Amino acid sequence: MNARPAVTAPPSLPRHAARAARAARAAAVAALLALCTVPAGCAPRLRPGPAWAATYDLQWSVSPCRAPGATPQAQLVIVQMCGGSVDLARLLPPPLEPDPIEAAAVIVACATRTCDPTLEPADRLPPLTVAWDLAMRVAPDAVTAAVAATSLPARTRRDYLARYRAARARVLDLVTAEGDHFRDVFLRPVTDARATRAAADASLADARAADDDLAADVDRAILAAADTSDDADAPAPALADVTARVRRARRAYLAACRPVLGGVGACLADRHGRALTRLLAHLADAAGDPILAAVEHAVLDQLPDLADPRAAEYAAARAAYDAEAARLAEYTTMRARVTDPAVLAERWPDAPYDLARAKILIAPRTEPGADRLVTPYAAGADTVVEQLRSVRRHGDRAVLTWRRRTQPNSIGTGCYETSKVVGVDSYGNVNYETRCTGERRWTDDVTLAPVEVPWDDAADLVPGEIVAVVAAHPPQTDGKPSRRPRPGHVVFAARKPKDHDDHFSAYARDLEQTQWRAYRLAAPAAPGAPRKRRRTP
């Protein structure tokens, strides 16, 4: 048998040869980086193995891989094919009609990274919900057509579509593996809310279409008012006529919407109700009535923003998360008390998820200040939230008076300074103790000044309710606020809370509303209680 040759260390290279080798390696890396700016150069191939893995064997790990001039959708494909990570924050929450390539990018990211079964439920289940939602709403044919329409090379398009199909199948498998409890918490509430919203949109389509021309007419009236505001001889613009028309439109929409959405507040807060309220705010501002503009702004600001068509889905997802958190708290308590695991399993066949760190990825993304038109402060007014004492009608106006409030005060009498030192201030002055031989007490009336509002606002108000109004600042008389009624408008009314008496929140969400503006809510009376007249909007 021949002897194995001895292994010897290679001789060291001369210094100039080592420099040449390093230069050659640097040139190779530079060539690789240059190659990776071309889409075709970064197209990897599917690694042998199960199709659901949706993983790729990258010969060169160069990330991110960019293609100058590529569209954002094509760039998503290139980055994912080259092993780079996609910023999902800018793709979530997915819109009602998502872009097919963006939807595919979320699905691929879920199958390869964000929905890994080894992650905690709080980390992997919310993105799995979004990926499943997109897989159901975006057809594979739509993704194929969108990828085919890009300028990517044929090989890149072919490989990415193979990866997307494998990732979609993987997402569906993960959802199936999670079982019924996952569906009850994450999927079913959202799909039920979506079906309800679609039915409501279909029922209200005609009512909303009737107001299609209102926005354009309001804009023309506002522009006409601006053009003639400096011309005393020009006819006054018909702002009042357009305002009356928008008010009639809002009243008609609320009448049609209330049976569908279940309440005036929900109708004022949806996309169409907010649009009509926004028009009224613009008209009031153009007509020189900043207080009325601030009132309509307060409606937009204090009602929940349901303008997003998927707002009901977001609310359903939050409610499901909260219910699961309450279920987990009960489960944790009982688990510490029950000794037989079988008894615990009978009550909770599916253990609750711990979602304390979970992020609701389908939460709405709102633009702050989108509806901020005129604030009460800018209008020379303030918001008053107080318990109503009485409503007195004077023609087409009404005066609202408030619950009487007093404040005790006292002052010492016969006071004198003693020789006892109580301290020295920062300026070196010695302070001596002061004693008083008597005390004078009195009570100040701090009841809020009455507010005068249109009778339509006050017709259905009930004494004892909490009423929020936007009213002008009270005029000063001899340096003190006047007690004469000041002009304003009603924003909402609510039932008096039982848990506190003297301080009321200015936010409607903290109170049980009974009225918004002049529109009374449909609230059933208690059994046996007399039914108060409810005016239909």
Side-chain angles (χ1 to χ4, degrees), residues 47 49-56 63 76 79-81 83-95 98 101-138 140 143 160 163-194 310 313-329 331-332 335 348-365:
R47 185 172 60 191
W52 53 258
T55 56
Y56 281 77
S63 178
L76 281 174
V79 169
Q80 284 193 313
M81 292 296 288
S85 60
V86 174
D87 182 13
L88 294 181
R90 71 181 184 88
L91 305 179
L92 299 174
I101 294 182
E102 292 181 355
V106 174
I107 293 171
V108 170
C110 174
T112 56
R113 295 181 182 178
T114 58
C115 304
D116 193 311
T118 61
L119 300 175
E120 294 294 328
D123 297 326
R124 62 183 172 85
L125 295 184
L128 179 60
T129 303
V130 178
W132 176 88
D133 176 67
L134 291 173
M136 294 295 98
R137 290 196 291 132
V138 179
V143 176
Y160 187 74
R163 185 175 196 183
Y164 157 71
R165 287 191 292 269
R168 186 176 185 275
R170 172 63 169 158
V171 167
L172 299 182
D173 287 343
L174 289 174
V175 169
T176 301
E178 289 297 332
D180 292 338
H181 183 52
F182 169 77
R183 293 178 177 273
D184 291 339
V185 175
F186 291 91
L187 305 184
R188 192 165 290 112
V190 174
T191 54
D192 290 348
R194 182 178 304 159
R310 300 188 64 192
E313 299 174 28
Y314 307 144
R318 284 197 180 92
Y321 274 51
D322 293 342
E324 187 70 359
R327 189 169 175 265
L328 176 64
Y331 173 80
T332 304
R335 186 175 57 183
W348 286 278
D350 295 301
Y353 293 116
D354 184 0
L355 303 177
R357 296 182 296 103
K359 296 179 180 179
I360 304 177
L361 298 181
I362 58 173
R365 182 177 300 164

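The residues of the chain are indexed from 1 along the displayed sequence. Because the structure is a prediction, the values reported are computed rather than measured.
- Side-chain contact between Pro94 and Val106: absent, with no pair of heavy atoms (C-beta onward) separated by less than 4.5 Å.
- The CD atom of Gln80 sits 8.0 Å away from the CZ atom of Arg113 when rounded to the nearest 0.5 Å.
- At a threshold of 4.5 Å between non-hydrogen side-chain atoms, the residues Leu174 and Trp132 do not count as touching.
- Within the 4.5 Å cutoff, the side chain of Arg183 has heavy atoms near those of the Val175 side chain.
- The two residues Pro140 and Tyr164 come nearest to each other via the heavy atoms CA-OH, 3.6 Å.
- The closest donor-acceptor contact from the side chain of Arg170 to the backbone of Ala111 lies at 3.5 Å or more, if one exists at all.
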Sequence neighbours left out, cut at 3.5 Å: what donor-acceptor pairs do the side chains of residues 349-358 make with other protein atoms?
| unit_1 | atom_1 | unit_2 | atom_2 | d |
| --- | --- | --- | --- | --- |
| Asp354 | OD1 | Ala356 | N | 3.4 |
| Arg357 | NH1 | Asp123 | OD1 | 3.4 |

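- Although no hydrogens or angles enter the test, the distance criterion places no donor-acceptor pair under 3.5 Å between the side chain of Arg137 and the main chain of Ala103.
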- Item | side chain to side chain contact (heavy atoms under 4.5 Å, CB included) between Thr191 and Met136, intermediate numbers included | CA-CA 11 Å; Thr191 54; Met136 294 295 98; over 6 Å; no
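- By the 4.5 Å heavy-atom criterion applied to side chains, Cys115 and Val171 are not counted as neighbours.
- Rounded to the nearest 0.5 Å, atoms CG (Leu128) and CG (Asp133) are 11.0 Å apart.
- In this structure, Val130 and Leu88 have side chains that are not in contact, with every pair of non-hydrogen atoms separated by 4.5 Å or more.
- Contact annotation: the side chain of Pro189 never approaches that of Tyr321 to less than 4.5 Å [non-hydrogen atoms, C-beta and beyond].
- For the pair Arg168 (side chain) and Ile107 (backbone), a donor-acceptor distance under 3.5 Å is absent.
- We find the CH2-CG distance between Trp348 and Leu328 to be 10.0 Å, quoted to the nearest 0.5 Å.
- Rounding to the nearest 0.5 Å places CD of Glu313 at 10.5 Å from CG of Asp192.
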